[in-house]
Amino acid sequence: PQVQEMGLAAYAAFIFSGLLPFRLIQRATTEASELLIGNLDMLKSATFPLPFLSYSAVGALAVDFMIQTALMVVLLIVSGQGYLLRDMQEIMVAIFSALLYVTPTMYPPEAAPSFMQKLIYINPLTHLIVVFRDVIIPDGAGVHWESWGILLAVSLLTLFVGRYTITKAQLYVADMV
């Protein structure tokens, strides 16, 4: 699309989508050189594991990149453009691939390491699986009422947000697809 035809939010998303990967590469190369210069004393030590410097820098950049990407998705939604709608299938595949690791599909939530248990219980799919197992495979622990309540609340919220979104987007769907 021509820049003159874009709305302000669409133009901001357009600019941001170009700057985001550019800044990632720029920061990675800049910080790589600073990493070596700033840690010469540690690098001279024979006992210091050199890869950890790179891991820490890449990890920090990855977190920053994910936050910026989330902001860009919000911009795309606000811009009213169909970019997000067209790519929804690929986005969902990536999201559910990541969610597989924090969903107790192959293990009970209590069997996960303690640092993962918080993520597991934040995940709404966990409560769906717990409730499903309550019905299909009852155990001696009883019914997990907390999961039933959370699942009900998430289901109702999803219903109302979905209905509201579809109602508002009904006029624009043909233009976005």
Side-chain angles (χ1 to χ4, degrees), residues 16-17 20-21 23-78 84 87-165:
F16 201 36
S17 67
L20 199 121
R23 290 269 302 136
L24 176 69
I25 300 302
Q26 175 196 19
R27 287 185 58 206
T29 54
T30 304
E31 289 183 21
S33 62
E34 291 173 3
L35 192 68
L36 295 175
I37 294 167
N39 296 295
L40 283 176
D41 292 334
M42 281 195 282
L43 293 174
K44 291 178 185 175
S45 170
T47 59
F48 184 77
L50 185 61
F52 286 118
L53 281 177
S54 302
Y55 297 154
S56 66
V58 169
L61 284 173
V63 169
D64 191 41
F65 185 75
M66 286 188 284
I67 291 169
Q68 291 178 4
T69 302
L71 290 173
M72 188 176 133
V73 168
V74 170
L75 273 177
L76 289 174
I77 291 169
V78 169
L84 187 64
D87 297 331
M88 188 60 74
Q89 182 178 5
E90 288 80 13
I91 291 169
M92 289 294 118
V93 167
I95 288 171
F96 280 95
S97 294
L99 277 176
L100 179 63
Y101 294 101
V102 291
T103 304
T105 54
M106 298 172 272
Y107 54 86
E110 299 79 24
S114 60
F115 72 93
M116 288 289 291
Q117 285 185 10
K118 290 179 182 170
L119 286 174
I120 289 171
Y121 282 111
I122 290 171
N123 180 357
L125 291 175
T126 294
H127 302 288
L128 174 64
I129 290 170
V130 168
V131 166
F132 187 76
R133 286 180 179 154
D134 276 352
V135 173
I136 301 299
I137 313 168
D139 60 3
V143 177
H144 299 88
W145 291 112
E146 183 179 358
S147 289
W148 282 81
I150 291 171
L151 182 62
L152 176 64
V154 168
S155 298
L156 290 173
L157 179 68
T158 304
L159 172 70
F160 292 120
V161 168
R163 181 177 169 88
Y164 175 80
T165 304

Exercise for the section: Mind checking side-chain contact (heavy atoms from CB on, under 4.5 Å) for T105 and listing every partner two or more places apart, or none if nothing turns up? Expected result: L100, T103, I129
Handout entry: Partners passing side-chain hydrogen bond (donor to acceptor under 3.5 Å, both in side chains) against R27 (at least two apart in sequence or in another chain)
Key = E31, D64
Fill in the blank from the handout: On a heavy-atom basis, the closest approach of G142 and D134 is O-OD1, 3.9 Å
Practice task
Please list, chain by chain and in numerical order, all residues satisfying side-chain hydrogen bond (donor to acceptor under 3.5 Å, both in side chains) with S147, sequence neighbours excluded.
Solution key: H127
Handout entry: Within-4.5 Å side-chain heavy-atom neighbours: M116 and V102
Key = yes
Fill in the blank from the handout: Between Q117 and E110 the two heavy atoms that sit nearest each other are NE2-O, 3.0 Å
Practice task
Report yes if the side chains of I150 and P124 come closer than 4.5 Å at any heavy-atom pair, otherwise no.
Solution key: no
Problem - L119 side chain reached by N123 side chain, heavy atoms, under 4.5 Å - result: no
Completion exercise
V161 meets the side-chain contact (heavy atoms from CB on, under 4.5 Å) criterion, sequence neighbours left out, with L157, T165
Problem - Distance-minimising heavy-atom pair for R133 and M106 - result: NH2-N, 4.3 Å
Completion exercise
Here the gap from L61 atom CG to M66 atom CE, rounded to the nearest 0.5 Å, amounts to 11.0 Å
Exercise for the section: To the nearest 0.5 Å, tell me how far L128 CG sits from W148 CH2. Expected result: 10.5 Å
Practice task
Tell me, please, which residues at least two apart from L159 pass side-chain contact (heavy atoms from CB on, under 4.5 Å).
Solution key: none
Exercise for the section: Measure the CD1-CZ distance between I120 and F115 for me, rounded to the nearest 0.5 Å. Expected result: 9.0 Å
